[in-house]
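Reviewing the structure listed below.
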2 protein chains.
Amino acid sequence: MTTRARRPQRRNQVLSREQIIDTAVEMLDAGGESALTIRALTERLSTGSGAIYYHVGTRDELLDTATETVIGAALATRPAGTAATPGDEIRVVALALFDAIAAHQWLATRLSLQIIRNPVGPVTVGIFERIGGQVGALGVPRASWFDAASTLVHYILGAVSQNARIEGDTSGIDPSGDRDEFFDAASTAWQGLDPEAYPFMHAIVGQMREHDDREQFLTGIAVILDGLTHLC
Amino acid sequence: MTTRARRPQRRNQVLSREQIIDTAVEMLDAGGESALTIRALTERLSTGSGAIYYHVGTRDELLDTATETVIGAALATRPAGTAATPGDEIRVVALALFDAIAAHQWLATRLSLQIIRNPVGPVTVGIFERIGGQVGALGVPRASWFDAASTLVHYILGAVSQNARIEGDTSGIDPSGDRDEFFDAASTAWQGLDPEAYPFMHAIVGQMREHDDREQFLTGIAVILDGLTHLC
DNA sequence: CCACATTTGGTACAGCGATCCAAATTAGTG
DNA sequence: CACTAATTTGGATCGCTGTACCAAATGTGG
């Protein structure tokens, strides 16, 4: 119907899959999952949607690929120095995952999706292999390897996801504030709760204000590693 | 412009907030998060979008409300019998959450979102209060209450989210199959992995096939409860 | 130079959440 | 009972989305 005006010249440098993924990650980091639209992506890359779909498929596949890229990089982290205990290995990977989600908050929900939907994908398998590979050296008997690995993975991914912060507006609480302000606001709000109905929250509101996320995360890992040594 | 033909008579039974939420939960259970569209909801309730927005606000708020409803019900679960140890209390709530997510898989991602975005909401606070309220009776010293509660909550929510199954198509693996088929397919796929690169996955593929989700979940809780007793 | 496969930019379409508003209903007041 | 104000409803509309599709532009091998 419409007379196609065939004007625009091609880009001189061909579009690559990596380039698209990197740009997608940047946009996700900057504005959360809702900021990654195909249209915004095509505009940013000065191309059309056809090229995107040709290289990376649908938006959902692009999100999966972005997740794989970031998680894969985190999983490649190794302890510095020469002699690392299995505990060291686990702590290093766990912290790498922690930092990855801190840097890319959109991972919190995407990671769950990926693990639920694709237990054979590189993300699920990679995490499991990397963490589980240490439990033998920890002294866990072979029959309990799967249980031990599951416990660690569940805790690590749970903690890491729940520590992601502020995608969107945190409904009511100070929006774009940074980490300390966030915890201040949260603990203040906790203090406002009915002490009769929420005695525990009142008991810990002070610790909430002073605590350090990473230290608390490592404490949890220490608790589990300790508990694992008693696995029959 | 268009001459508004004002024909249709009113519904005899007024629309209620609960009715909308219940219907929303049904639709979410049946088809996952993507199945809950405002349009489908209005059609199912034979109403218009105005009524929905009047009663429950935006789609996002409706999802939050649905989450609160389901989680709130799960948190109300109490141990049967008279004398329950703190360990019993924790196991009962944990299993209630486990079953809630098994029955409503869409919760897996929604729960993360809610905890991240709204640390003052009834979901976050409710879970924390319910679980944390037990750690004192467990013998954990007061100074470690927050750490202990965090560890438990992180593990429980992590495990529970990662055990949700099959929203959508599980990419490649048998789609609408039930639980056993799912694990069979997954473990078979794991077996196909390169044994050099994934020695751990090969070592546990047998346990994977035979394991029981709920038992494994409880094993993890036992490990943590054990570890918590050694918290300084 | 040509034929063919690859890669691109852009259009079109169906569907979405949300806003808005006039009409329909109910509740309140005298 | 009548009349008004507040509540509640259904639907039209808007701007935006993902993506299927296509013709043109580019690269490639003979």
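All values reported here derive from a predicted model rather than from experimental measurement. Below, read A as the first sequence line, B as the second, and so on, with proteins coming before strands; counting in each chain starts at 1.
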Rounded to the Å, how far apart are B:Glu43 CD and D:dG11 C1'? 13 Å
What nucleotide among D:dC14, D:dT17, D:dG11 has an atom nearest to a side-chain atom of B:Arg39? D:dC14
Could you list all the side-chain hydrogen bond (donor to acceptor under 3.5 Å, both in side chains) pairs where at least one residue sits in residues 146-158 of chain B, not counting sequence neighbours? A:Gln216-B:Asp147, A:Gln216-B:Ser150
Of the listed D:dG18, C:dG17, C:dT7, the closest approach to the A:Ile38 side chain comes from D:dG18
Here's a test of your reading of the structure: between A:Ala40 and A:Gly50, which maps to the more 5' nucleotide of DNA chain D? A:Ala40
Should the pair A:Phe128 and B:Trp190 be assigned to parallel (<30°), tilted (30 to 60°) or perpendicular (>60°) ring geometry? tilted
What pairs of residues pass the salt bridge (Lys or Arg N to Asp or Glu O under 4.0 Å) test when at least one of them lies in residues 36-45 of chain B, not counting sequence neighbours? B:Glu26-B:Arg44
Which of the following nucleotides, C:dA18, C:dT6, D:dT8, is nearest to the side chain of A:Tyr54? C:dT6
C:dT8 phosphate, OP1 or OP2, under 4.0 Å from A:His55 side-chain N/O: yes
Taking CG from B:Leu63 and P from C:dC16, how many angstroms apart are they, rounded to a whole number? 15 Å
Would you classify B:Thr58 as touching base, sugar-phosphate or nothing, given that sugar-phosphate means primed atoms plus P, OP1 and OP2, and contacts are heavy atoms under 4.0 Å? sugar-phosphate
Tell me whether the side-chain N or O atoms of B:Ser49 pair up with the base of D:dA12 as donor and acceptor below 3.5 Å, since no angle test is needed here. yes
Write down the distance between CZ (B:Arg59) and P (C:dA18), rounded to a whole number of angstrom. 8 Å
Stepwise salt bridge (charged side-chain N to carboxylate O under 4.0 Å, His left out) test for A:Arg110 and A:Glu68: CA-CA 10 Å; A:Arg110 262 291 146 179; A:Glu68 287 167 19; over 6 Å; no
Spacing between B:Leu41 atom CG and C:dC16 atom P, to the nearest angstrom: 12 Å
CD1 of A:Ile20 versus C1' of C:dT7: gap in Å, rounded? 11 Å
Quickly work out the B:Ile52 CD1 to C:dC20 C1' distance and round it to whole Å. 16 Å
